[in-house]
Amino acid sequence: MKRRHRLSRSRDFDAVYRQGRSVATRYLVLYSFPREEPAEGPRLGLAVSRQLGGATERNRMKRRLRAAFDELSDELPAENDYVLIARPGLPELVEARGFPWLRERVQEIFRRAAA
């Protein structure tokens with residue numbers, strides 16, 4: 001994922017949290033918000049709390065979530081910002097069931113958000 005497709009500023013996260021819509025599943029929460037500025041593509045911000053493990057485990061989870069997002073970003077509206085929040089229990093299931101399972105969960109939550 002290219003840097004320009006990531007949310008990194010606190011004010012961008014705040015805008016998505018405050019003004020966006022949220023959708024939740026057992027292991028993920030997704031906030032989506034259409035931005036007003038010209039769009040180069042959808043942007044993603046990740047929130048992975050310390051409840052999910054140490055820094056190594058959290059960074060591994062972020063890499064996997066970004067990879068899953070990359071695979072479906074072409075299907076998403078270019079003008080939207082997203083914040084994806086990982087809930088406790090997700091890293092253990094990803095280890096047990098693998099990356100294809102995670103990709104399906106990410107696709108599922110983005111489909112729900114689009115509906």
- Task: Identify whether the distance between the nearest side-chain nitrogen and carboxylate oxygen of Glu108 and Arg111 falls below 4.0 Å.
- Result: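 So Glu108 does not pair with Arg111 through a salt bridge.
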Throw together a table of side-chain donor-acceptor distances under 3.5 angstrom for residues 44-58, partners on residues two or more places apart or in other chains.
{"residue": "Ser49", "atom": "OG", "partner": "Gln51", "partner atom": "N", "Å": "3.3"}
{"residue": "Glu57", "atom": "OE1", "partner": "Arg60", "partner atom": "NH1", "Å": "2.9"}
{"residue": "Arg58", "atom": "NH1", "partner": "Gly53", "partner atom": "O", "Å": "2.9"}

- Val23 vs Val29, side chain to side chain contact (heavy atoms under 4.5 Å, CB included): CA-CA, chis, key distance, verdict: CA-CA 6 Å; Val23 177; Val29 178; over 6 Å; no
For the [atom1] atom of [X] and the [atom2] atom of [Y], what is their distance to the nearest 0.5 Å?
X	Y	atom1	atom2	value
Asp70	Leu65	CG	CG	11.0 Å
Asp14	Arg9	CG	CZ	13.0 Å
Arg18	Phe13	CZ	CZ	13.5 Å
Phe33	Ser22	CZ	OG	14.0 Å
Glu71	Gln107	CD	CD	7.5 Å
Leu76	Phe69	CG	CZ	5.5 Å

- Task: Show your working on ring-ring contact (aromatic ring centres under 6.0 Å, His included) between Tyr82 and Phe110 and close with a plain yes or no.
- Result: CA-CA 10 Å; Tyr82 299 98; Phe110 275 94; 4.9 Å; yes
Please list every donor-acceptor pair under 3.5 Å in which a side-chain atom of residues 84-96 meets a protein atom from a residue at least two apart or in another chain.
{"residue": "Arg87", "atom": "NH1", "partner": "Thr25", "partner atom": "O", "Å": "2.9"}
{"residue": "Glu95", "atom": "OE2", "partner": "Arg64", "partner atom": "NH1", "Å": "2.9"}
{"residue": "Glu95", "atom": "OE2", "partner": "Arg64", "partner atom": "NH2", "Å": "3.1"}

- Item | Asp12 and Val16, any side-chain heavy atoms less than 4.5 Å apart |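 When only atoms from C-beta onward are counted, Asp12 and Val16 do not touch, as no gap falls below 4.5 Å.
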- Are any side-chain N or O atoms of Arg21 and backbone N or O atoms of Ala113, one a donor and one an acceptor, separated by less than 3.5 Å?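 Yes: the side chain of Arg21 pairs with the backbone of Ala113.
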- Looking at Pro42 and Ser73, what are the two nearest heavy atoms and their distance?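 Pro42 and Ser73 have their closest heavy atoms at CG-O, 3.7 Å.
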- Item | Closest heavy-atom pair and its distance - Leu30, Ile109 |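 For Leu30 and Ile109, the tightest heavy-atom pair comes out as N-CD1, 3.6 Å.
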